[in-house]
Amino acid sequence: MRVLALLDGTLADPDAPQLRVDDLGVHRGDGIFETILVVEGRPRELGPHLDRLERSARLMDMTIPPREDWQRLVAAAVDAWPWKDDREMALKIVCTRGVEGTDVPTAWGLGTSIEEQTKRKRADGVSVVTLERGIAPELMERAPWLLLSAKTLSYAVNMAAMREARRRDADEVVFVASDGTVLEGPTSNVVLAQGNSLLTTPPSTGILRGTTQGALFRAAENAGWNTRVERFGVDDMLAADGVWLASSVRLVTQVRSIDGAEVKADPALHETLGALYESNYS
Ligand code: PLP
């Protein structure tokens, strides 16, 4: 199932051609996006997603349409989705720099069903390989032109890393920085449990500030957990009481092994974290 919505709140045919070949998003990956989970008609973390879209635009020196336009687009996609048949939609909102020379951004939102493979990963957990990202953790400050921490359309490297994971018989990737500290997945954040604490990597390392990790930590703090945002190594993942990958579409997915070594995967703790995340929306 797919729905395609535009900024003026109209719908378009997702199977019909919509883009020009000279759109900078197409031939340079010059644009930004967000993927929002909508459950039973309710978008999750819409404010933080739109905040992050605006932040990515600032890092890219792009002027993007105002927030009300994005809200109208999201509402149109939500209205068009057949909620009786499918309770979840992954809504990818995209804004490119537009056709070369025009300075008019191109924008759309494509809603799709959650892939079966993602549902399996949510239910069964994942095996992970660590892969080098080739960046130093302090590079973001030094080299803003690298666009670290912007959610740009240039995801070819992230997708190549996922293919490398499959070559190594793993489901997912965790990127590590040049000093060996943990960064993020190609489309997820890493969360560890250590006793009564939850840990994640600081956004200052150039990773994306996760809306799902943010929602999980918000609920965890309210429930009395300590939350820590600090650098940690692969050894800390291996020694943790649990490791998860968090993202809008995969939710809080349990990691079962890292580079072939099993990690602790207590089903009760996994259920607790899943319930904490869901408590934001009940
Ligand atoms: N890090 C990267 C590189 C991502 O692409 C994503 C989402 O796709 C995330 C982290 C997780 O972010 P969120 O929880 O907001 O979906």
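Both ligands and their constituent atoms are indexed starting at 1 by order of listing.
A donor-acceptor pair shorter than 3.5 Å can be found between the side chains of His49 and Ser248. In this model, no donor atom of one side chain and acceptor atom of the other lie less than 3.5 Å apart for Gln213 and Tyr277. No donor-acceptor contact under 3.5 angstrom links the side chains of Arg250 and Thr253, judged on distance only. In summary, the side chains of Asn189 and Thr200 do not present any donor paired with an acceptor at a separation below 3.5 Å, with no hydrogens or angles considered.
Counting protein heavy atoms only, atom 15 (O) of ligand 1 is closest to Thr211 OG1, 2.7 Å. Atom 11 (C) of ligand 1 has Asn189 OD1, 3.4 Å as its closest protein atom, hydrogens excluded (heavy atom only). Scanning the protein for heavy atoms near atom 16 (O) of ligand 1, the closest one is Ser248 OG, 2.7 Å. Closest to atom 12 (O) of ligand 1, if we only count protein heavy atoms, is Arg52 NH1, 3.5 Å. Glu184 OE1, 2.8 Å is the protein heavy atom nearest to atom 1 (N) of ligand 1.
Under a 4.0 angstrom heavy-atom cut-off, Lys151 registers as being in contact with ligand 1. Residue-ligand proximity: Arg209 is placed with every non-hydrogen atom at 4.0 Å or more from ligand 1. Under a 4.0 Å heavy-atom criterion, Pro186 is in contact with ligand 1. The closest approach between a heavy atom of Thr35 and any atom of ligand 1 is not below 4.0 Å.
Side-chain contact between Leu37 and Glu88 is present, with at least one heavy-atom pair separated by less than 4.5 Å. Using a 4.5 Å heavy-atom threshold, the side chains of Leu183 and Val174 count as separate.
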Might you work through the side-chain contact (heavy atoms from CB on, under 4.5 Å) test for Leu46 and Val74, ending with a clear yes or no?
CA-CA 9 Å; Leu46 182 56; Val74 169; 4.1 Å; yes
Taking it one step at a time, do Ile93 and Leu73 satisfy side-chain contact (heavy atoms from CB on, under 4.5 Å)?
CA-CA 9 Å; Ile93 61 172; Leu73 176 154; 3.7 Å; yes
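By the criterion of a heavy-atom distance under 4.0 Å, both the backbone and the side chain of Thr212 are placed next to ligand 1.
Polar contact check, Tyr155 against ligand 1: a nitrogen or oxygen pair lies under 3.5 Å apart. Remark: ligand 1 and Gln213 share no N or O pair separated by less than 3.5 Å (distance only, no angle test).
Electrostatic pairing of Asp179 and Arg231 counts as a salt bridge here, judged by a charged N lying under 4.0 Å from a carboxylate O.
For atom 9 (C) of ligand 1, the nearest non-hydrogen atom from the set Gly210, Gly185, Ser188 comes from Ser188.
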